[in-house]
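Working notes for the structure below.
Order of appearance sets the numbers: ligands from 1, and atoms from 1 within every ligand.
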Amino acid sequence: MVQQAETEAAIPLTTPYRMGQLELSHRVVLAPMTRCRSYGNVPQPHAAVYYAQRATRGGVLISEGTGLSTTSQGFPEMPGVWTQEQVEAWKPIVDAVHRKGAFFFCQLGHVGRASTNEFQPDGQAPISSTDEQISPDAESGMVYSKPRRLRADEIPAVVEDFRRAARNAVEAGFDGVEIHGAHGMLLEQFMKDGANDRTDEYGGSLENRCRFAVEVIDAVVREVGAHRVGIKLSPFADDMDCEDSDPVALGHYMIQQLNKYEGFLYCHMVEPRMAIVEGHRQIPRGLLQFRKAFNGTFIVAGGYDREEGNKALGEHYADLIAYGRLFLANPDLPKRFDLDAPLNKYDRSTFYTQDPVVGYTDYRFLEDSNKNNQSSTQA
Ligand SMILES: Cc1cc2nc3c(=O)[nH]c(=O)nc-3n(C[C@H](O)[C@H](O)[C@H](O)COP(=O)(O)O)c2cc1C
């Protein structure tokens with residue numbers, strides 16, 4: 001009986017799944033990861049290599065957070081999708097992914113106050129829900145600039161930036177877009193009461209705090225169709241000082257909004273912080289209530305490995321699992337999971353560096369590691 005359960009548990013990550021109109025061949029999704037290698041905010045040819053390496057027939061990739069305006073940047077060399085030059089630069093990258101048979105979603109993000117004056121046009125203050133600065137990060141030494149509180153009458157222009165970016169992403173060939181509503185970025189700065197101290201129609205009640213995100217969702221859905229739109233949310237996280245006093249109510253409110261759109265494609269949610277217990281990753285599994293409430297495809301992320309992913313899928317806790325760091329370091333992650341092969345380790349020091357190869361496209365494939373092992377055995 002136990003034996004049988006174990007055999008079944010190994011299957012789920014590599015089983016097919018239908019997400020809206022898309023026929024997926026497995027459940028291993030590339031999580032969106034900022035890689036800081038799009039010089040001058042223009043995606044580069046090396047991104048085609050990077051993403052194509054991680055593309056498989058019937059797999060899903062989500063792009064790194066991609067900017068939608070000159071104020072949306074907060075990391076060096078982030079790509080954008082607001083100019084025609086950027087759209088043209090994405091086209092061969094999306095093509096390379098499609099040629100491998102994978103589906104590709106563009107994550108549309110605005111960092112809000114998670115930025116500095118240096119990243120902003122004319123050295124202006126980053127925009128946010130508030131004029132409260134993020135507390136300096138002792139670990140990374142990062143000091144974010146004091147933001148400027150957006151006036152309510154400025155918000156429609158930012159909604160319009162999201163809409164145009166979604167249109168552009170589809171023009172570039174992406175299968176859809178993921179609205180970045182997680183990790184302390186601009187939309188979350190409005191959603192969470194720990195970062196929203198407004199008294200206008202965009203602050204105070206849960207409905208008011210979520211208004212901006214809801215307006216963005218509505219504009220993007222109207223522009224490209226609900227079947228092309230997903231969203232990433234992290235109600236339980238506290239990134240960039242974005243914490244909510246009632247994450248359960250926040251998560252449920254947002255799910256209710258998504259459910260209003262027939263065929264809204266997916267909701268991608270981040271687990272409460274994972275723990276390492278006796279050397280094993282332990283996922284807190286705090287998202288079941290949202291999974292049950294949401295009508296579309298539910299993607300979970302945050303600390304998953306092969307075992308935890310299989311378990312979550314086997315127990316119908318999620319439809320798909322997004323893998324970040326493990327996929328970054330293992331371009332052939334779905335294959336490695338299938339074969340239960342050992343994994344490359346990720347190198348944190350090159351996550352956000354600007355080299356077009358090192359820490360980016362030079363992680364080994366299984367065949368290379370095997371060849372290498374054989375030659376080192378022979379030597
Ligand atoms: C280098 C790096 C960059 C990231 N950039 C983004 C991003 O642009 N957008 C986003 O929503 N999440 C981003 N994340 C978070 C990942 O999408 C994912 O949620 C997180 O890494 C947890 O998954 P994991 O434990 O499988 O790595 C990033 C993570 C890493 C490691």
Measuring from non-hydrogen atoms of Y352 to any atom of ligand 1, is the shortest distance under 4.0 Å?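 Yes, Y352 has heavy atoms under 4.0 Å from ligand 1.
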Tell me whether ligand 1 is touched by A182 - counting only heavy atoms on the residue side and a distance under 4.0 Å.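 Outside the 4.0 Å threshold, so no.
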Nearest candidate to atom 18 (C) of ligand 1, where distance is taken over non-hydrogen atoms, out of R325, R348, K232: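 Among R325, R348, K232, the closest heavy atom to atom 18 (C) of ligand 1 comes from K232.
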Of H26, K335, K100, which is the lone residue that meets side-chain hydrogen bond (donor to acceptor under 3.5 Å, both in side chains) with T56?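 When H26, K335, K100 are each tested with T56, the side-chain hydrogen bond (donor to acceptor under 3.5 Å, both in side chains) holds only for H26.
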Polar contact flag for [X] and ligand 1 (N/O pairs, less than 3.5 Å):
X: H180; answer: yes
X: A322; answer: no
X: G303; answer: yes
X: G65; answer: yes
X: T34; answer: yes
X: F351; answer: no

Under 3.5 Å, is there a donor-acceptor pair linking the side chains of [X] and [Y]?
X: Y144; Y: D137; value: no
X: H268; Y: E178; value: yes
X: Q354; Y: Y39; value: no
X: Q189; Y: T130; value: no

When you look for heavy atoms under 4.0 Å from ligand 1, do you find them on the side chain of R35, its backbone, both, or neither?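 R35 to ligand 1: no contact under 4.0 Å from either part.
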At a non-hydrogen distance cut-off of under 4.0 Å, which region of Y323 contacts ligand 1 (side chain, backbone, both, or neither)?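 The answer is the backbone.
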Given the rule in the salt bridge (Lys or Arg N to Asp or Glu O under 4.0 Å) test, do R35 and E64 qualify, once you have shown the distances and angles that lead to the verdict? CA-CA 7 Å; R35 302 308 315 275; E64 58 212 278; over 6 Å; no
Distance filter under 4.0 Å to A31 heavy atoms, resulting ligand 1 atoms: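 Within the 4.0 Å cut-off of A31, ligand 1 contributes 17 (O).
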So does Q120 get a backbone contact from the side chain of Q73, meaning a donor-acceptor N/O pair under 3.5 Å?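 Not a single qualifying donor-acceptor pair exists.
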Please work out whether the ring planes of F294 and F298 are parallel, tilted or perpendicular, with thresholds of 30° and 60°.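 Rings of F294 and F298: tilted, 30 to 60°.
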